[in-house]
Amino acid sequence: MQARGPARDIPEPVVNDALVEVLFCCPLVRGLSREEVGEIAAASTVHTFPAQAEVFDEGERCNGLWVLTSGRIRLYHAAADGRQQVVRFQAPSNPLDLGAALDGRPHTASATTLEPSTLVFLPRSVLSTLGRKYPLTLRNVVDLLCLEVRQRDIATAIASLKDAKGRIGCVLLQLAHQFGVRQKKSVIIDYRLTRQDIADRAGVTIETSIRVISDLQRQGVIRTQNQILEILDIDSLSAASRCEECQFDCSVFQEFPPAAQ
DNA sequence: TCATTAACCGTCG
DNA sequence: CGACGGTTAATGA
């Protein structure tokens, strides 16, 4: 039995090869062997959540590190009036709220599943031995936190300096960096998002996100099909978002940090 | 539930 | 004044 892990779901003690494989892709354990990752997996627990389930809440005590292994998760701040600010949309293999897991202070944001998801939970006790046992992971932690700082820095700059159209354009380009799958002539954002999701990421109302996205569709810049967004004309979108006069390096939103040299 | 449209209205440059 | 974007309401899928 672990310390006080999640109480809302059913832990599964089974650690299978597929799980180790996903964990192996987690940038936190980059450089470790498959056997070493298997060892870490053995010390963690697996948890499944239905769609729209809360994994943790902002301000809640943090007992360890959650790593998404399958499904999708939305990390956000919630305001009393119902509005939400999405910090990040999560894809498998990535740790959630790493900072809180490391310093043991409360969670910095809330995490809710967008679809049925599986996560592994690494208790803080295990996390602290990880650095001692595998010094390589310390460097990975630094890289991950630095990347997060860069992403948040750019996000706040964009939020305060750009207008609604620019913010939505930047969000779409960020998502393309994070989840983009290159097609012959376009880029598909391989992550289902409602108009509300995009609005909550850009800091606008749903009507404004619809307004702007409809305009972009009419101009043939993007196309959407049941919550999947396809960017048909990156150059036009970059132009609409005024990328050429922008100092921000939105390539930091790529899913995995570049390997440290 | 999600997406869309339109009318209306306050703010600000 | 006019662009922008939030609010409200109505409607369709």
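Naming convention: chains lettered A, B, ... in sequence-line order (proteins, then strands); numbering from 1 in each chain.
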What is the distance, rounded to the nearest whole Å, between atom [atom1] of [X] and atom [atom2] of [N]?
X: D215(A); N: dA3(C); atom1: CG; atom2: C1'; answer: 13 Å
X: R167(A); N: dC4(C); atom1: CZ; atom2: C1'; answer: 11 Å
X: D81(A); N: dG6(C); atom1: CG; atom2: C1'; answer: 13 Å
X: I210(A); N: dG6(C); atom1: CD1; atom2: P; answer: 13 Å

Fill in: Exercise: do T194(A) and D197(A) side chains pair donor with acceptor under 3.5 Å
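Indeed, the side chains of T194(A) and D197(A) share at least one donor-acceptor pair under 3.5 Å.
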
Short heteroatom pairs, N/O only, protein and nucleotides 7-10 of chain C, under 3.5 Å:
| from | atom 1 | to | atom 2 | distance (Å) |
| --- | --- | --- | --- | --- |
| dT8(C) | O4 | E207(A) | OE2 | 3.3 |

Of N94(A), L96(A), L114(A), the one forming a side chain to side chain contact (heavy atoms under 4.5 Å, CB included) with I73(A) is L96(A)

| said: Could you walk me through whether D200(A) and R74(A) satisfy the side-chain contact (heavy atoms from CB on, under 4.5 Å) test, starting with their C-alpha distance in whole Å, then the side-chain angles of each, then the deciding distance to 0.1 Å, before giving a yes or no? | reply: CA-CA 10 Å; D200(A) 290 349; R74(A) 171 193 228 265; 2.8 Å; yes

Outermost contacting nts on DNA chain B, any atom under 4.0 Å from chain A heavy atoms, listed 5' then 3', are dC2(B) to dA7(B)

Check: T69(A) side chain, L19(A) main-chain N or O, donor-acceptor pair, under 3.5 Å
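Here the side-chain-to-backbone pair does not exist.
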
**Polar side-chain atom of T224(A) near backbone of L229(A) as donor-acceptor pair, under 3.5 Å** =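 Checking the backbone N and O of L229(A) against the side chain of T224(A), no donor-acceptor pair under 3.5 Å is found.
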
Query - Q90(A) and W66(A), any side-chain heavy atoms less than 4.5 Å apart - result: no

- Query: Do R88(A) and E148(A) meet the salt-bridge criterion of a basic N to acidic O distance under 4.0 Å?
  - Reply: no

(request) Decide, yes or no, whether a salt bridge links R139(A) with D143(A) under the criterion of side-chain N to carboxylate O below 4.0 Å. (result) yes

